[in-house]
Amino acid sequence: MTHHLKVDIPDYRNRLDDMVQGILGKPIDRFEGPLKVAGRATYAAEARPVGLVYGVLVQAAIPHGKVLEVGGVTGVLAVIHDERMLRRAAQGMAKTGPMAGPDTVDYMGQAVALVVAETFEAARDAALNLELRYSVEAAAVNPEAVEPEFPEKKQSSHGDLDQAVKEAAFSIDNVWHTPAHAASAMEPHAAIAEWNGDSVTIRAGMQMLSSNKLQVADALGIKPAQVRLLAPYVGGGFGSKLGVNAETIAAAIAAKQLGRPVLVALTRQQEFDLAHRRSETRQRIRLACDTDGKLTGIGHEAFVSNLPDEAFSEPVTQATPFTYQAAHRQIVHGVARVHRSCAGSVRAPGEAVGVTVFETAMDELAEAVGIDPVELRLRNIPEAEPVTERPFSSHKLAEALREGAERFGWSRRKAPRERLEGEWFVGMGVAAAVRVNMLIESRARVTLKADGKAIVETDMTDIGTGTYTILCQIAAEMLGLAREDVHVELGDTNFPPASGSGGSFGAASSGTSVYLACEEIRSLIATKMGCTEEELTLQDGMARAGNVAQPISQLLDGPLVAEGHVEPGNTEKTTRQATWGSHWAEVAVNRWTGEVRVRRMMGVFACGRVFNEKTARSQCLGGLTFGIGIALTEAMEHDPRDGHIVSRDLAEYHIPCHADVPHMEVHFIEERDAYVGPTQAKGLGELGICGAGAAVLNAIYNACGVRIRDLPATPDKLIASLA
Ligand code: MOS
C-alpha cells in the first residue's frame, strides 16, 4: 500500500515527538563507519566481476575544435571514440544536459576517447600514446574578456536603487572575485558497467540514482528499464556526482562492444578536468542605509561562466532577495560563455559564494555606519519575504545571531589592529548563514517482517552524510524497534526512487518517505490492536493501546509492506523556506608573513528537526571547513591562454587539512517547521558553508584592518596590504 503525501498544508502535529522509542535525534554513530575504515565498504571501483577489463579516458589537448582522426595503438582491446560519449558532466535532475556533437571539443581536458585493455597499465600506456588529430577553432577562455549574456528570468529590480544609494546616509559599493572551486570528493569518479543482453548494470559513484538512471538511458539511447544503477557506498559527492560523468557512459559503451565488464576510474587530475567545477564569480554589491543602519537599497550583480549552451549558471544571488529588508533592490545575473570545463553545482551552489561575499559587504557597511555588525543584521531582518510578502516557514536568524554572540564571547571583540599577540594580529568576525530549503519527490518501501524486524528500501544514496543511519532512526522511532532490528538498503535503482542526495534535500525528503511508509504500517498494526494509529504506542518491539500490550511479532501473520511517497506541494509556494544560522571566527594574521591561522570557529544553526545530532554536526563541521577553504585556500586556476586547469591535484588545489582547521563548535537551535511536512525537518547539509568564509574574512579585517575582496585571502595578497 502506498501512503502518498503532497505537502499542501502545514503539519503541526509533531507526531515524531509523540513517539517513545527515543532513538530519533540521538547522536548515534554511522552504521557503515566500521565498514569504511576497515575497507569493507565496496566503492564503485572496487568490485571485481569476472572478466573485468580496464578503460582509461583520453582527454582533448585543444580548447575548441574537432577530433578529425583517432590514431591506432597496439596491445589493447579497443579504442572507443563514440558519438554517444558524454562530453560534459551532465548536471541536474532532469535528463542529460546538452551533449556536444559527435567530434566537438569544447574545452581542454574534455574526454574524447576511451582506451580499453586487459590491465590498467596497458590501457594507461596506450591512452598516453594515442594520437589525435584535430581541427582547431578559436576559443574564448577568459570570462572577463567575454560580453556576458543576461538571462531575463534572472534579473530583477524593485524601486530605484541608484536613487537610494544617492540619498543614503551610508553606502558601500565594491567588487569581489571568487575563483572556480572543485568539489574534490575523496572517492574519484569511477564506474563498472556490465551488460546482460540489452540491459546494463552500472556501479558508479552517484548522488541521485533515479535521475541518473534516466540520464544514462538517454545517453545510451536505451529505455530506463534497461538500466540498473548501484551505488551502495559513495565517497562524497559535493555536487560532482549529481549527474552522470564521462567515465560512466564510456564504460557502458565499451562493455557493450567488448561483451565484458569494463571499469573506468578517473585519476585525481582527471577529476579536476572531467567533474564539473563551481564557476568563478565577479560580484558587485551596493548597499545603502539610513542613519540608523536600516537598509534602503540592496544591489547584487553576479557574473559567472559556463560552456556555450549549458543551462546551469551558479545561482549566486539565490538568497539575496529574502535575507534582508530594503525597499530598493536590484539583482543582475550575467553568464559568460567560455571554453572552460563544465560549470555545475558544487557544495551549496549559489550561497557558498553569494552569501559569503554579501556578508563581507554587510561587515563593510556596519563599519561605515559605525554599529556592531551583529546589530546591523538584527535591524534588517524582514518580517516576511520582501517584495512577495510571503511568510517565512520558519526563521531563526535573530536567535542564531544572539545565541552565537553570547556563546562566542563577541563582546570581547576589539577594533581593527587593537589586539596584537607577538607577531600576530587577532580578530573576530561574524556572518549570517542562509540557504534555501527544498523538498524533492521521494519514495521508500518499509517491510515489517513476521519476526518483528523491519527493512527499509529506497534508491536513496548515502554519500557519507549518514543516510543509512538516519533512515534507520526514523523507522525505528516510528515502529518502536531497536536500531539493530531495522535494516536499511540503499543505492539500488531496483528500489523505490528517492530524491537522491543533493541540495541539502536528501535527509528531509527521503526521511519523509520513510516516515509515511511507517505511518501506514502503524495504521495496519493499530487495526490489529483495535485502536487508532494515534492511540497506538510502539516501543521495544511491543505494541500498546489502552491497557493491552502485545509483542509486535505476535500480531503479525505475515509481513506488512508499505511504500511512502512524498512530493512538494503548495507550502513551497505559499511560504519562503530557508534555513538560518550564524557563523563566528577568530583568526590570527601574521603581521610579517600575511599567514592566516583560524583559531576557532563556531556555527549556530536552525534547520527544523535534527534527525541525528552527530551526523548533523558533522555536516556543519564540514561546512565550516569549506568556509575556511573558500576564504583562504581553494582556487582552481585556469591558464589564460587555453583555459586548461593548472591547479589540478590536491597539492595545488588546497582543501583545508587538519592543521588548517581549528577547534570548531556547532550548536543547533531547537526548531520544528510545520510547512515542510510531517517530519518538520529542513535541509542542513550545505547551511554550514553558506557564509562561513565571510566570518573568516571579516575576522581578518578585524584583526589587521585589511579587506581582501579577491578570494582566497592568501598571504601574498595580505602582505601587499599589510606593508
Ligand atoms: Mo549538491 S552541490 O546539490 O550535491
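Note that the structure is a prediction, hence the values are computed from the model and not measured. Heavy-atom basis, side chains included; hydrogens, waters and symmetry copies ignored.
Two residues are said to be in side-chain contact when any heavy atoms from C-beta on lie closer than 4.5 Å; Phe611 and Leu471 fail this criterion. Using a 4.5 Å cut-off on side-chain heavy atoms (C-beta onward), Glu280 and Thr178 make no contact. Looking only at side-chain heavy atoms (C-beta outward), Leu722 and Val706 come within less than 4.5 Å of each other. In this structure, the side chains of Arg379 and Gln325 stay at 4.5 Å or more apart for every pair of heavy atoms. At a threshold of 4.5 Å between non-hydrogen side-chain atoms, the residues Trp584 and Val374 count as touching. Using a 4.5 Å cut-off on side-chain heavy atoms (C-beta onward), Leu632 and Thr714 make no contact. Taking the side chain as every heavy atom from C-beta outward, Tyr43 and Lys36 approach each other to under 4.5 Å. Considering only heavy atoms from C-beta on, Glu351 stays 4.5 Å or farther from Glu686 through its side chain.
Under a 4.0 Å N-O distance rule, the pair Glu301/Arg282 does not qualify as a salt bridge. The pair Arg407-Glu403 meets the salt-bridge criterion, since a charged nitrogen lies less than 4.0 angstrom from a carboxylate oxygen. Note on Arg278 versus Glu314: salt bridge recorded, some NZ/NE/NH1/NH2 to OD/OE distance being below 4.0 Å. Between Arg30 and Asp462 there is no salt bridge, since none of the side-chain N atoms of the basic residue sits less than 4.0 Å from a carboxylate O of the acidic one. Between Arg390 and Glu385 there is a salt bridge, with a side-chain nitrogen of the basic residue lying less than 4.0 Å from a carboxylate oxygen of the acidic one. One finds a salt bridge joining Glu613 and Arg617 here, because a Lys/Arg side-chain nitrogen approaches an Asp/Glu carboxylate oxygen to under 4.0 Å.
Remark: aromatic rings of His583 and Phe408 are distant, center separation not under 6.0 Å. Aromatic pair His300/Phe358: centroids less than 6.0 angstrom apart.
In this structure, the side chain of Lys241 engages the main chain of Gly236 through a donor-acceptor pair within 3.5 Å. The backbone N or O of Gly404 lies less than 3.5 Å from no partner atom in the side chain of Ser582, so there is not a single donor-acceptor pair. Under a 3.5 Å cut-off, the side chain of Thr633 and the backbone N or O of Ile655 do not form any donor-acceptor pair. Checked by atom type and distance alone, the side chain of Thr360 pairs as donor or acceptor with a backbone atom of Val357 at under 3.5 Å. A donor-acceptor pair is defined here as one N or O able to donate and one able to accept, closer than 3.5 Å; such a pair exists between the side chain of Ser509 and the backbone of Ile440. With hydrogens and angles disregarded, no donor-acceptor distance shorter than 3.5 Å links the side chain of Asp173 to the backbone of Arg284. A donor-acceptor contact shorter than 3.5 Å links the side chain of Ser240 to the backbone of Gly237. Of the possible polar contacts, none joining the Glu586 side chain to the Arg600 backbone as a donor-acceptor pair under 3.5 Å is found.
Under the ring-ring contact (aromatic ring centres under 6.0 Å, His included) criterion, Tyr675 pairs with no residue at all, not counting sequence neighbours. Under the side-chain hydrogen bond (donor to acceptor under 3.5 Å, both in side chains) criterion, Asn306 pairs with no residue, sequence neighbours left out. Among residues two or more places apart in sequence or in another chain, the side-chain hydrogen bond (donor to acceptor under 3.5 Å, both in side chains) test is passed with Asn612 by Gln473. Annotation: ring-ring contact (aromatic ring centres under 6.0 Å, His included) contacts of Phe238 (sequence neighbours excluded): Phe626. Every residue meeting the ring-ring contact (aromatic ring centres under 6.0 Å, His included) condition with His395, not counting sequence neighbours, appears here in chain and number order: Phe392, Trp580.
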CA sep, side-chain torsions, deciding dist, call: Arg277, Ser305, side-chain hydrogen bond (donor to acceptor under 3.5 Å, both in side chains): CA-CA 10 Å; Arg277 66 188 166 96; Ser305 74; 3.1 Å; yes
Begin from the C-alpha positions of Asn590 and Glu595 and carry the test side-chain hydrogen bond (donor to acceptor under 3.5 Å, both in side chains) through to its verdict. CA-CA 5 Å; Asn590 189 292; Glu595 181 186 359; 5.3 Å; no
Show, in sequence, the C-alpha distance, side-chain angles and deciding distance for Arg709 and Asn174, and conclude whether the side-chain contact (heavy atoms from CB on, under 4.5 Å) test is met. CA-CA 8 Å; Arg709 300 191 188 93; Asn174 281 311; 3.4 Å; yes
Let's go through Ile298 and Leu287 carefully: what are the C-alpha distance in whole Å and the side-chain angles of both, what is the deciding distance for side-chain contact (heavy atoms from CB on, under 4.5 Å) to 0.1 Å, and is it a yes or a no? CA-CA 5 Å; Ile298 292 173; Leu287 297 174; 4.1 Å; yes
Can you list the steps and then say if His333 with Thr317 is a side-chain hydrogen bond (donor to acceptor under 3.5 Å, both in side chains)? CA-CA 8 Å; His333 185 92; Thr317 60; 5.0 Å; no
Could you check Ser184 against Leu650 for side-chain contact (heavy atoms from CB on, under 4.5 Å), going step by step and ending with a plain yes or no? CA-CA 8 Å; Ser184 308; Leu650 292 176; 4.1 Å; yes
I'd like to know whether Gln283 forms a side-chain contact (heavy atoms from CB on, under 4.5 Å) with Val175, so could you lay out the CA-CA distance, the side-chain angles of the two residues, the decisive distance to 0.1 Å, and finally the verdict. CA-CA 5 Å; Gln283 302 180 50; Val175 175; over 6 Å; no
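Side chain to side chain, Glu665 and His667 meet the donor-acceptor criterion of an N or O pair below 3.5 Å. Between the side chains of His276 and Asn245, no donor-acceptor pair is found at a separation under 3.5 Å. A donor-acceptor contact under 3.5 angstrom links the side chains of Gln680 and Arg609, judged on distance only. A donor atom on one side chain and an acceptor atom on the other are not found under 3.5 Å apart for Asn698 and Glu359. Side-chain contact, Glu32 with Tyr233: no donor N or O sits under 3.5 Å from an acceptor N or O. With hydrogens and angles left out, the side-chain atoms of Arg347 and His181 include no donor and acceptor closer than 3.5 Å.
Summarising the geometry of Pro373 relative to Val430, their closest heavy-atom pair is CB-CG1, 4.0 Å, with the distance given to 0.1 Å. Taking all atoms of both residues into account, the shortest heavy-atom contact from Gly500 to Met460 is O-CE, 3.3 Å. Closest approach of Thr467 to Ser510, counting heavy atoms only: CG2-OG, 4.4 Å. Here the shortest heavy-atom pairing between Ala578 and Phe322 reads CB-CE1, 3.6 Å. Closest approach of Gly427 to Ala703, counting heavy atoms only: N-CB, 3.4 Å. Of all non-hydrogen atoms in Pro662 and Asp660, the two that sit nearest each other are CD-O, 3.6 Å.
Taking a 6.0 Å sphere around NZ of Lys717, one finds it holds more than 12 heavy atoms contributed by other residues, nucleotides or ligands. Around the CD atom of Glu421, the shell of radius 6.0 Å holds more than 12 heavy atoms that belong to other residues, nucleotides or ligands. Atom CD of Glu144 has more than 12 heavy atoms from other residues, nucleotides or ligands within 6.0 Å.
Cys620 pairs with exactly one of Thr625, Ile689, Val604, Val666 by the side-chain contact (heavy atoms from CB on, under 4.5 Å) rule, that one being Val666. With Lys682 as the partner, the side-chain contact (heavy atoms from CB on, under 4.5 Å) test is satisfied by one option alone out of Asp673, Leu687, Leu439: Asp673.
Listed by first and then second residue, the side chain to side chain donor-acceptor pair (under 3.5 Å) pairs that reach into residues 409-418 are Asp372-Trp410, sequence neighbours excluded.
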